[in-house]
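Below: the structure, in structure tokens.
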Amino acid sequence: MKRNLYLQISKTALFCLLLVFFASHVAAQFTVSGTLETPEGTKMDGFAIMVTGTENKIVYTNSGDYSFTLQAGGAYNIFPVDCNENHLNGVTTYDMVLMVKHLEGLELFDSPYKIIAADLDNSNSITTVDTNLVRTLILGIINEFPVNNYRFVLKDYVFPDPLDPFTPAFPESYSISNLDANITGVDFIGVKKGDVNGTSIADLGCNAPNLPSKIIGRVFNDLNANCQNNANDLGMEGWTVSASDGVSTYFARSGPNGNYELETLPGTYDVTLTNTGGLWGGCPEVVTGITTTIQTIGVANFGLQPQVLCPSLQVDLSTPMLRRCFNNRANISYCNTGTTPAENAYIEVQFDTFFNIVSSTIPWSAINGNTYTFQLGDVPEGDCGSFRVDFILDCAATLGQTHCSEAKIFPDTFCTTPGLWTGAELKVHGYCAGNEVRFMIVNQGTDMLVPSNYIVVEDIVVMAPPINNPFTLQGGNMEVITVPANGATWRLEAEQPAGYPWGLVASAAVEGCGTNSNGDFSRVFITQFPPDDGSPNLDIDCLENVGS
């Protein structure tokens, strides 16, 4: 009887010890929380907050708030992460005027945050270098500030001298040496560089935070087929590399000499060469188990070995900003991702009719209307290049009007043909013709074997197709569809034949044809839909113009 009682007490004691052990482990975590807001007190939503140390984590602010659950007893450093997008957010010529007035002593900044925002090169002072950076960003000469886009300050920090916020250095992170309790109020102020008058939009969020860990490597032409990155192997530019930990995936493109740099969170990743396209074989195509930390950099190299001997050209066209009556810039870049040189290559760029071309960094060889031809010569495999075209956007353009330009690179032959595609290829053209908008669906391939459908969209409303739907076209034939010129933005989408490898639909849109009941026409609808440029040798760029 005594033995049974002893056993019962022992079991009870063991159960209690297990409860205490479990409770101590559950309780061995604490919460650290805070907010991120602008100097004006507006919450900054969708920005990354990072914690490093005993644990490495990242969270995104929700209505400006964030929270971490961390192991007790750990040492941590918490800080907001810089954002590498929307560099023009809140940056205008008025900011540049205010910076010049401050420099000349005519109207000094009355806030340390304005001074921090004006120090664009992080020199801890405001100089003409900073005003020039604002000017070149607004003009589209540069796309981002040279150091960072945001700076962050602990909210409860008191500047000893508000007119010299850089002395001493202000705290941009919060450190914990031994986490032994919940901590609230770890709040930060986010300062948008270049926005000295506080007009930036705080709730744009950030889809491109500058992450603290890196994977680097090289994509190269494995000339001697030994899968080793040798000194004589040519670097391959323009190849996409991705890293995935099973939850998140990060991307980078190889630059000159084939080098790439991929930002990640600390973790273990499988790194993949994502676009071999059947022309090249990767050696390897996947590198597994690459581990990164704050202090260490992961390395993954990829050799390329040709599988099919053929050139494959790609082109990209972009206009960073469009301002009426001002000089603007179009950037055209190209790559040969094929396995042999592309001989006598050239690019045709059909510019928007409101673009008045001024000059280019390589000469054009022909002009046909608003279509300019640029000779590239022979483009070796793995080689990339770029050039710039300067133009003035006509003052006759309506504020907010959309302008579309198209670049196509030749030779445009394709090395492989998907097995399910029969060769029929649809292209849609649209233009304004007096009191109607006219669309032409053209079959620029072989005969269609199966009928296709099309839809017509007025602004964002799908309308009943006017005629002949579904339709079938022989090679070289077209279908013409007309709609009234009523000031709406009209769009036509036609289904591509089954197996077409570069998109599901062919499309075109027409804006500014006729007027509505207010004597105006609708805008901003073209850029809400993707352009019809799935083919790698074609790129279409559409952008609304803006005022100063």
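The first residue in the sequence is number 1, and the count goes up from there.
S405 contributes a side-chain N or O that, together with a main-chain N or O of D352, makes up a donor-acceptor pair within less than 3.5 Å. Between the side chain of D130 and the backbone N or O of L120 there is at least one donor-acceptor pair closer than 3.5 Å. Under a 3.5 Å cut-off, the side chain of T319 and the backbone N or O of M321 do not form any donor-acceptor pair. A donor-acceptor pair under 3.5 Å is formed between the side chain of E511 and the backbone N or O of T402. A donor-acceptor pair is defined here as one N or O able to donate and one able to accept, closer than 3.5 Å; such a pair exists between the side chain of T339 and the backbone of V308. Checking side-chain atoms of D82 against main-chain N and O of N149 turns up a donor-acceptor pair under 3.5 Å. Counting only distance, with no hydrogens or angles, the side chain of N84 and the backbone of P209 share no donor-acceptor pair below 3.5 Å. Proximity of a side-chain donor or acceptor of R324 to a complementary backbone N or O of A397 within less than 3.5 Å is detected. Counting only distance, with no hydrogens or angles, the side chain of N328 and the backbone of R323 share a donor-acceptor pair below 3.5 Å. Using modelled atom types, no side-chain atom of H87 and backbone atom of N143 make a donor-acceptor pair closer than 3.5 Å.
Side-chain atoms of N370 and T353 form no donor-acceptor pair, as typed in the model, at a separation below 3.5 Å. Under 3.5 Å, the side chains of T489 and S522 contain a donor-acceptor pair of N or O atoms. Defined by atom type and a distance below 3.5 Å, a donor-acceptor pair is present between the side-chain atoms of Y500 and E425. With 3.5 Å as the limit, one finds no donor-acceptor pair spanning the side chains of Q401 and N545. In summary, the side chains of E458 and N486 do present a donor paired with an acceptor at a separation below 3.5 Å, with no hydrogens or angles considered.
Within the 4.5 Å cutoff, the side chain of N221 has no heavy atoms near those of the D233 side chain. Taking the side chain as every heavy atom from C-beta outward, V315 and I332 approach each other to under 4.5 Å. Residues Y60 and C206 fail the side-chain proximity criterion, which asks for heavy atoms closer than 4.5 Å. Residues Y431 and M440 have side chains in contact (heavy-atom distance under 4.5 Å, counting atoms from C-beta outward). Side-chain contact check for K193 versus L133: every heavy-atom pair is 4.5 Å or farther apart. The closest side-chain heavy-atom distance from R388 to I141 is not below 4.5 Å. Inter-residue side-chain proximity for Y269 and L262 is flagged as unmet; no heavy-atom pair is nearer than 4.5 Å. When side chains are defined from C-beta on, I215 does not count as touching V241, because their heavy atoms never get closer than 4.5 Å.
Atoms OG and CZ, on S507 and F439 in that order, are 9.5 Å from each other to the nearest 0.5 Å. One finds the CG atom of D533 at 5.0 Å from the CG atom of D539 (value rounded to the nearest 0.5 Å). Rounding to the nearest 0.5 Å places CG of L376 at 4.5 Å from OH of Y334. Here the CG-CE distance, from L304 to M236, works out to 5.0 Å after rounding to the nearest 0.5 Å. Separation of atoms SG (C283) and CG (N229) is listed at 11.5 Å; rounding is to 0.5 Å. Put simply, CG on L137 and CD on E144 are 9.5 Å apart, with the number rounded to the nearest 0.5 Å.
In this structure, K214 places its NZ atom where only 12 or fewer heavy-atom neighbours from other residues, nucleotides or ligands lie under 6.0 Å away. Atom CG of N368 has 12 or fewer heavy atoms from other residues, nucleotides or ligands within 6.0 Å. The number of heavy-atom neighbours closer than 6.0 Å to CG of L504, taken from other residues, nucleotides and ligands shown, is 12 or below.
Each of L313, V379, T373 was scored for a side-chain contact (heavy atoms from CB on, under 4.5 Å) with Y346, with one residue passing: T373.
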I would like to know whether F355 and L322 meet side-chain contact (heavy atoms from CB on, under 4.5 Å); could you show each step before the answer? CA-CA 10 Å; F355 291 5; L322 293 177; 3.8 Å; yes
Does N259 form a side-chain contact (heavy atoms from CB on, under 4.5 Å) with I216? I'd like the steps, not just the answer. CA-CA 7 Å; N259 296 317; I216 64 172; over 6 Å; no
Could you go step by step and tell me if S360 and F374 meet the side-chain contact (heavy atoms from CB on, under 4.5 Å) rule? CA-CA 10 Å; S360 61; F374 300 89; 3.7 Å; yes
Under the criterion side-chain contact (heavy atoms from CB on, under 4.5 Å), I'd like the reasoning laid out for F471 against L426: C-alpha separation, chi angles, the key distance, then a yes or no. CA-CA 12 Å; F471 64 94; L426 300 180; 3.8 Å; yes
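A cation-pi arrangement is absent between R253 and F251, since the terminal nitrogen or guanidinium carbon is not both under 6.0 Å from the aromatic centre and inside a 45° cone about the axis.
In this pair, W280 and W239 present their aromatic rings perpendicular. The plane angle is above 60°, beyond the 30 to 60° band. Taking the six-membered ring where tryptophan is involved, the planes of Y260 and F302 are tilted, since the angle between them lies from 30° to 60°.
Ion pairing between a basic and an acidic side chain is recognised when a charged N comes within 4.0 Å of a carboxylate O; E406 and K408 show no such pairing.
For the pair K192 and N86, the tightest heavy-atom approach, listed with the atom from each and the gap, is CE-O, 3.5 Å. Looking at every heavy atom in both residues, I526 comes nearest to C404 through CG2-SG, 4.1 Å. Among all heavy-atom pairs drawn from C325 and I392, the shortest one is C-CG2, 4.2 Å. Counting all heavy atoms, side chain and backbone alike, T264 lies closest to Y250 at CG2-CD1, 3.9 Å. Taking all atoms of both residues into account, the shortest heavy-atom contact from E263 to L211 is OE1-N, 3.1 Å. Residues G298 and I290 approach most closely at CA-CG2, 3.7 Å, considering heavy atoms.
Ring centroid separation for the pair F47 and Y150 comes in under the 6.0 Å cut-off.
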